[in-house]
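Here is how names work: the chains are called A, B, and so on, in the same order as the sequence lines, proteins then strands, and each is numbered from 1.
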2 protein chains.
Amino acid sequence: MARADGAARAATLSDVARAAGVSLATASKAINGRDQVAPATRERVMRAAEELSFTPNQLARSLIAGRTGTVGLLTSDLEGRFVIPILMGAEDAFGAGQVNVFLCDARGDAIREQHHLKALLNRRVDGIIVVGRQTDPRPSLGHDLPVPVVYAYAPSDDPTDVSVTPDNVAGGRLAVEHLLACGRTRIAHITGDPEYAAAQDRAIGVRAALADAGLELVGDVRFSTWSEHWGRDASAMLLAQHPDVDGIVCGSDQIARGVLDTLRDLGKRVPEDVAVIGYDNWEVLATNSRPELTSIDANLQQLGRTAAMRIFEAIERTDGAEPGAGVHHLPVRLVIRGSTVARR
Amino acid sequence: MARADGAARAATLSDVARAAGVSLATASKAINGRDQVAPATRERVMRAAEELSFTPNQLARSLIAGRTGTVGLLTSDLEGRFVIPILMGAEDAFGAGQVNVFLCDARGDAIREQHHLKALLNRRVDGIIVVGRQTDPRPSLGHDLPVPVVYAYAPSDDPTDVSVTPDNVAGGRLAVEHLLACGRTRIAHITGDPEYAAAQDRAIGVRAALADAGLELVGDVRFSTWSEHWGRDASAMLLAQHPDVDGIVCGSDQIARGVLDTLRDLGKRVPEDVAVIGYDNWEVLATNSRPELTSIDANLQQLGRTAAMRIFEAIERTDGAEPGAGVHHLPVRLVIRGSTVARR
DNA sequence: CTGTTAGCGCATTCAG
DNA sequence: CTGAATGCGCTAACAG
């Protein structure tokens, strides 16, 4: 166990001041790079700090400054599939080490969420990012909080809150436009739970892009669960009913994996006979399939950066106004692999 | 200087005291449930606090107490596959809301790790959990830190540190013992990168369990990468050389997925002809394959809980003693699904 | 340039 | 039981 030698409490600024033979204030100025201190004095202070391995106590600083340089990340994303890239983006935006993030997992429990919220406020975080695991609107934390709040991935159901979420409609469009560009015209859509806004929004985008091209979807949108099993079953049914389908937009990479399985079983070549596109760009799934999976990437890291920047802006301004209230739909991105474009 | 003005800063304890018509000290006692305060007075204070929606400032409390009730989780696990269950276990152990966790991602960069470490110490965390992404020993943070440190998943290379890591040797044994219990005797082992301690340790367990049963591995251990691709290729070679193999222990669920693919292509039935077992119990992979994948689960959440408890013990004791230094190998667990036992 | 003083918000003596 | 005083570690006015 790494422990300081004995009960040696951490050195304080006054220890440093005494060791350097200066006053507390001077030591403070020297340490903080204030310019009202003689070079020689500063040197002495710095050396003393070094020898005592002095670490400025952020608690005390924060108490004075009224800001802690910390942000709370309140999530219900158990698997961490969405929250991790968002967290990384937020760290990027804040600048590593400048701001630290408290990560709290509410596990989908409103009581626990309330509990964590309170704890975060007690610790005087400067802002809170709320990350949901679906893109369905979630209950607002309310407006009577003393710190700015940004909702990421799952938007708030209150339009006067600030929310950033991926543009699923655009994602659906993008998928279809890519298949069209690949020369496909008989396109079907297999997706997940119809209760999810993500499923509905992507389907809207799919239909809109087809309509723009003067085409119709092959069969209805096939909703069920976000699983490989469903991908396998749905594509088997689809091929039985519409053997001429030449492109399949999938609502998730998992579904797409199932679709690839079935196509393989049926002796269909991908992408020659049927092109397949997934959604989420979950690398472990997308890059290990046969062929590798073209997919839509929601740019979650960028989303995290944006959320962090919004928080930052809100912290900076003192007038309490909430800039950019409303739901911001962030652009998504196409990642092309072998399931839509044959390798040569 | 009059402090009463219109500024909407958060209510402080002295605001509460004034509103309740008592002194600061009395308000403090009332709020904190000290018993040297008259019931009626306490009632008045509590109501005032409620009305002002008073939130005790943890910074100030921590400054006095010398403890913050926060822990730093320093990781390099980009994907968050290991760190999330560990984080959840740690939250469990600390009791939600009692302790909050700063999550820092060093992204495999030593400089950035040092940076984050310093920030955590400045913020006066009570302890640090270091989470690696492999089970190979990692450099120690050293012993001159003012707070206890526990290494999770990746142990420290310094045996006087406290480390908790999954018992991969036991995992390898467990996998083989299960296949033996299923009546398999011609068992092969396909695994990942031989540079990984995880691959070597699991292979050691596999060999040991076979030796105990008076058996030998079919062919050599097949090392390469932790990918589905390798699982597919390796199993094709294996079956070509040893068509009579009836059990395959895989070093990861990804590899196992690839193996299942190839067996399917070759017309082998799983588990009737060949039983397959994976490693990690990564649910998204294990529960979506055909058949579902039996796997070894490293109990990461339990690992996180244990790490947290170790930290906790170390914080509690003031004598600076080092309880339980060394690498602790935590038990793993078999999760049986259809790839080893046929469903009926 | 340097030091003295006064808090940040709170918990804790120790007198009343 | 209650309250005035002290200090946690540090920064920011001021005064020398």
Side-chain angles (χ1 to χ4, degrees), chain A residues 7-46 48-49 52-70 121-126 146, chain B residues 1-5 7 9-46 48-49 52-70 121-126 146:
Chain A
R9 51 178 193 81
T12 117
L13 187 57
S14 61
D15 294 337
V16 174
R18 195 163 348 101
V22 297
S23 79
L24 201 72
T26 303
S28 172
K29 288 169 194 159
I31 295 277
N32 292 307
R34 291 271 173 283
D35 55 354
Q36 304 133 334
V37 54
T41 312
R42 160 161 307 151
E43 176 59 26
R44 230 166 350 120
V45 172
M46 294 307 257
L52 297 172
S53 61
F54 166 73
T55 341
N57 188 324
Q58 267 300 131
L59 296 175
R61 287 180 160 179
S62 301
L63 192 55
I64 296 169
R67 283 157 130 256
T68 54
T70 62
L121 294 177
N122 286 335
R123 294 199 188 287
R124 295 299 190 265
V125 294
D126 295 333
Chain B
M1 182 176 14
R3 32 170 56 184
D5 53 30
R9 57 190 182 76
T12 111
L13 187 56
S14 62
D15 295 337
V16 174
R18 193 160 354 98
V22 298
S23 78
L24 200 78
T26 304
S28 172
K29 289 168 191 157
I31 295 275
N32 292 308
R34 291 272 170 284
D35 54 354
Q36 305 135 333
V37 55
T41 311
R42 160 162 304 152
E43 175 59 27
R44 223 157 5 108
V45 172
M46 294 307 257
L52 295 172
S53 62
F54 166 74
T55 339
N57 188 326
Q58 267 301 129
L59 296 175
R61 287 183 161 179
S62 301
L63 192 56
I64 296 170
R67 290 177 45 165
T68 54
T70 62
L121 294 178
N122 286 330
R123 295 199 187 287
R124 295 298 192 264
V125 294
D126 295 332

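Going from atom CZ of A:Arg42 over to atom CG of A:Asp35 covers 7.5 Å, rounded to the nearest 0.5 Å. Here the CG atom belonging to A:Asn32 is positioned 11.0 Å from the NZ atom belonging to A:Lys29, to the nearest 0.5 angstrom.
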- [ ] Would you check, one step at a time, whether the test side chain to side chain contact (heavy atoms under 4.5 Å, CB included) holds for A:Asn57 with A:Thr12?
- [x] CA-CA 8 Å; A:Asn57 188 324; A:Thr12 117; over 6 Å; no
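In this structure, the CZ atom of A:Arg67 is 15 Å from the C1' atom of D:dT11, given to the nearest Å. Whole-Å rounding puts the B:Phe54 CZ to C:dC10 C1' distance at 8 Å. To the nearest angstrom, P of D:dT2 lies 13 Å from CD of B:Glu43. Atoms CZ (B:Arg18) and P (C:dC10) sit 12 Å apart, rounded to a whole Å. Straight-line distance from the CZ atom of B:Arg123 to the P atom of D:dC10: 15 Å, rounded to whole Å. In this entry the distance linking CG of A:Leu59 with P of D:dC10 reads 10 Å, nearest Å. When the P atom of D:dT11 is taken as reference, atom CG of A:Leu63 falls 12 Å away, rounded to whole Å. If you take CG of B:Asn57 and P of C:dC10, they are 6 Å apart, rounded to a whole angstrom.
Using a 4.5 Å heavy-atom threshold, the side chains of A:Pro56 and A:Arg61 count as touching. Under the 4.5 Å side-chain criterion, counting only non-hydrogen atoms from C-beta, A:Arg124 is in contact with B:Thr55.
An angle of 50°, rounded to 10°, separates the two end axes of the helix from C:dC1-D:dG16 to C:dG16-D:dC1, each defined over five pairs.
Contact between the side-chain N/O atoms of B:Thr41 and the OP1/OP2 oxygens of D:dC1 is not found at any separation under 4.0 Å. The side chain of B:Thr12 contributes an N or O atom lying less than 4.0 Å from OP1 or OP2 of C:dC10. Remark: B:Arg61 is in phosphate contact with C:dA11, judged by side-chain N or O atoms under 4.0 Å from OP1 or OP2.
Formation of a donor-acceptor pair under 3.5 Å by the B:Arg123 side chain with backbone atoms of A:Thr68 is found in this model.
Closest approach of A:Phe54 to A:Leu13, counting heavy atoms only: CE1-N, 3.4 Å. The heavy-atom pair separating A:Asp15 from A:Ala10 by the smallest distance is OD2-O, 4.3 Å.
The salt bridge (Lys or Arg N to Asp or Glu O under 4.0 Å) test applied to B:Arg34 returns no partner, not counting sequence neighbours.
Each of D:dC8, D:dC10, D:dT2 was ranked by its minimum atom distance to the side chain of B:Ile64; first place goes to D:dC8.
For DNA chain C, the neighbouring residues in residues 22-37 of chain A, judged by any heavy atom under 4.0 Å, are A:Val22, A:Ser23, A:Ala25, A:Thr26, A:Lys29, A:Gln36, A:Val37.
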